[in-house]
Every structure is written in structure tokens, then in C-alpha cells.
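Shown next, in C-alpha cells, is the structure this report addresses.
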Amino acid sequence: MRSIGLRLSLTAVLATFAVVSAGAQTPAPHPDFSGTWVMDSAKSPGPMMPLAATYVIEQRGDTVRIKRDTRTMQGAFSASLVYGIDGKAWKNSITQAGMPVDVSSVLTWEGSTLVITSTINANGQDIHQVETWSLDATGTTMTADRTVDAMGQRFATKLVFNKRP
């Protein structure tokens with residue numbers, strides 16, 4: 001009888017230790033995307049790709065500021081965006097092809113990947129976009145995989161950026 005009680009006590013202690021240990025694990029830190037990133041056109045294939053793009057990213061805590069400069073066949077475009085990585089919707093207004101466009105985005109982490117889920121309203125048309133950012137092991141190459149759903153069609157692009165020293 002005493003050995004059964006001892007085994008039950010030992011099992012309870014081990015189970016409690018396992019729960020405490022699991023709770024005490026520190027999650028891996030998220031990568032910092034801060035810096036100036038220049039698109040590598042040769043590694044960014046696909047339809048409707050910009051001719052050139054530069055992102056200047058400032059990441060402090062849960063706030064991300066991005067200045068995007070892109071050049072397309074239609075001309076050069078700049079946008080300044082501010083986001084929080086807090087799971088809440090952040091609104092930005094940009095000008096696209098001379099028209100004001102409202103963008104509502106939610107940023108979340110999936111492990112070490114930053115996920116930007118956006119709804120863009122242009123001329124009453126909603127466009128849904130999911131962009132995931134990841135860094136290579138050296139932290140000098142950023143990949144932005146983007147899926148866009150618009151007007152019943154889906155487009156996928158992959159932008160590869162190199163960090164400027």
C-alpha cells in the first residue's frame with residue numbers, strides 16, 4: 001500500500017515538474033527586420049513584379065515602420081506604413097496610381113516568420129493579401145512571399161531582398 005502511495009506521489013511531482021518546466025520555457029526571440037533591403041530582381045521571378053524595390057524597415061519592440069519605394073512600368077511609388085505586431089488591425093492610407101487606397105493590416109508571428117494579412121480597398125473593391133517575411137540564417141537575405149486574392153483570381157509572388165550594409 002505504501003509503495004502505491006509513493007508511486008502516486010512521485011507521479012504527481014513529475015507531472016507538476018513537467019507542467020512548470022513547459023511553462024518556464026522562453027520562446028525563441030523573433031527576428032529583427034530593421035535595415036535597408038534592396039530587391040534582387042534575378043531572384044524575384046513572377047508576373048506583375050516591380051522593376052525595383054527598396055524597403056527601409058525600422059522595428060522597435062512591437063512597432064514596425066516601413067518606407068517602401070518601388071518602381072514599376074507605371075512609374076515610381078513611395079509609401080510609409082506603420083504597424084503594430086499585436087494581432088490588431090492597423091490602418092494605413094497610400095496612393096496607388098494616383099488614387100487613395102486604404103489598407104487594413106494585422107501582423108502576427110508564426111515562429112520566426114512575420115505574417116502580414118491585409119485588406120486593401122481600392123475603388124470599392126476589396127483585395128486580400130497575405131505576405132510572409134522570413135530571414136535566411138545569416139540575416140542578410142529576406143524573402144517576402146505574397147498571395148493576393150482580387151476579383152476572383154489569386155496571384156502569388158516571391159520577392160527576395162538583400163540587406164544593404
Side-chain angles (χ1 to χ4, degrees), residues 25-123 125-165:
Q25 292 176 350
T26 305
H30 296 124
D32 186 347
F33 291 95
S34 295
T36 300
W37 298 90
V38 179
M39 187 181 86
D40 184 338
S41 298
K43 294 182 181 176
S44 302
M48 301 177 12
M49 298 298 285
L51 300 173
T54 301
Y55 290 7
V56 178
I57 302 170
E58 180 185 314
Q59 183 178 337
R60 289 193 181 149
D62 284 344
T63 301
V64 178
R65 295 178 188 278
I66 306 166
K67 182 171 184 311
R68 287 189 327 202
D69 291 311
T70 57
R71 190 169 41 89
T72 68
M73 296 293 278
Q74 289 78 32
F77 301 97
S78 290
S80 293
L81 309 161
V82 178
Y83 301 110
I85 309 174
D86 56 7
K88 297 177 185 172
W90 284 73
K91 299 199 184 293
N92 287 280
S93 293
I94 60 173
T95 301
Q96 192 82 20
M99 308 228 5
V101 177
D102 293 325
V103 182
S104 177
S105 303
V106 176
L107 278 66
T108 56
W109 290 106
E110 286 184 8
S112 61
T113 300
L114 182 62
V115 180
I116 304 169
T117 304
S118 301
T119 300
I120 303 157
N121 187 291
N123 285 336
Q125 176 71 38
D126 279 342
I127 300 167
H128 299 281
Q129 175 177 293
V130 177
E131 186 168 338
T132 59
W133 288 3
S134 57
L135 294 177
D136 70 349
T138 65
T140 59
T141 302
M142 177 177 75
T143 301
D145 289 301
R146 183 183 298 165
T147 303
V148 178
D149 291 303
M151 297 180 283
Q153 295 188 29
R154 176 171 279 190
F155 306 94
T157 60
K158 178 180 184 171
L159 301 171
V160 177
F161 293 85
N162 296 314
K163 192 171 192 176
R164 187 180 292 163

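Computed from a predicted model, the values in this text were never measured in an experiment. Note: hydrogens, waters and symmetry copies are ignored here, and every other heavy atom, side chains too, is used.
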Taken to the nearest 0.5 Å, the spacing of Met39 CE from Asp69 CG works out to 12.5 Å
Ring-plane angle category for Trp133 and Phe33, please: parallel below 30°, perpendicular beyond 60°, tilted otherwise. perpendicular
Met49 side, atom CE; Thr72 side, atom OG1 - distance, nearest 0.5 Å: 12.5 Å
Carefully, step by step, assess Arg65 and Ser80 under the rule side chain to side chain contact (heavy atoms under 4.5 Å, CB included). CA-CA 7 Å; Arg65 295 178 188 278; Ser80 293; over 6 Å; no
In terms of heavy-atom contacts, Gly87 and Thr108 come closest through CA-CG2, 4.2 Å
Would you compute the distance between atom CZ of Phe155 and atom OG1 of Thr147 and round it to the nearest 0.5 angstrom? 11.5 Å
Any side-chain heavy atom of His30 within less than 4.5 Å of one from Leu114? no
Partners of Lys91 by salt bridge (Lys or Arg N to Asp or Glu O under 4.0 Å), sequence neighbours excluded? none
Excluding sequence neighbours, so at least two apart, what forms side chain to side chain contact (heavy atoms under 4.5 Å, CB included) with Arg60? Glu58
Once you round to the nearest 0.5 Å, how far does CG of Leu107 lie from NZ of Lys88? 13.5 Å
Tell me whether Gln125 at atom CD has more than 12 heavy atoms from other residues, nucleotides or ligands lying less than 6.0 Å away. yes
Evaluate His128 against Val130 for side chain to side chain contact (heavy atoms under 4.5 Å, CB included), listing each step before the verdict. CA-CA 7 Å; His128 299 281; Val130 177; over 6 Å; no
Does the side chain to side chain contact (heavy atoms under 4.5 Å, CB included) test come out yes or no for Val38 and Asn162, once each step is laid out? CA-CA 5 Å; Val38 179; Asn162 296 314; 5.6 Å; no
According to ring-ring contact (aromatic ring centres under 6.0 Å, His included), who are the partners of Phe77, at least two apart in sequence or on a separate chain? none
For Asn121 and Val101, the nearest pair of non-hydrogen atoms, with its separation, is O-CG1, 3.7 Å
Just jot down the side-chain hydrogen bond (donor to acceptor under 3.5 Å, both in side chains) partners of Thr143, sequence neighbours excluded, or say none. none
Do you know which two heavy atoms are closest between Thr140 and Asp136, and how far apart they sit? N-OD1, 3.1 Å
Nearest heavy atoms of Ala79 and Ile94, plus distance in Å: CB-CG2, 3.7 Å
Listed by chain and number, what are the side-chain hydrogen bond (donor to acceptor under 3.5 Å, both in side chains) partners of Asp62, not counting sequence neighbours? none
What residues, two or more places apart in sequence or in another chain, satisfy ring-ring contact (aromatic ring centres under 6.0 Å, His included) together with Tyr83? none
For Ser112 versus Pro31, what's the shortest heavy-atom pair and its separation? O-CG, 3.2 Å
Which atom of Ser118 lies closest to which atom of Ile116, heavy atoms considered: OG-CG2, 3.7 Å
From Leu81 atom CG to Ser93 atom OG, the distance as rounded to the nearest 0.5 Å: 10.0 Å
Contact between Trp37 and Leu159 at the side-chain level, heavy atoms closer than 4.5 Å - yes or no? no
Quick check: does any side chain N or O of Ser34 sit under 3.5 Å from a backbone N or O of Gln59, one acting as donor and the other as acceptor? yes
Within this structure, what is the CG-OG1 distance for the pair Asp145 and Thr157, rounded to the nearest 0.5 Å? 8.0 Å
Determine the sole option in Lys163, Arg68, Met142 for which the side chain to side chain contact (heavy atoms under 4.5 Å, CB included) test with Ile57 is passed. Met142
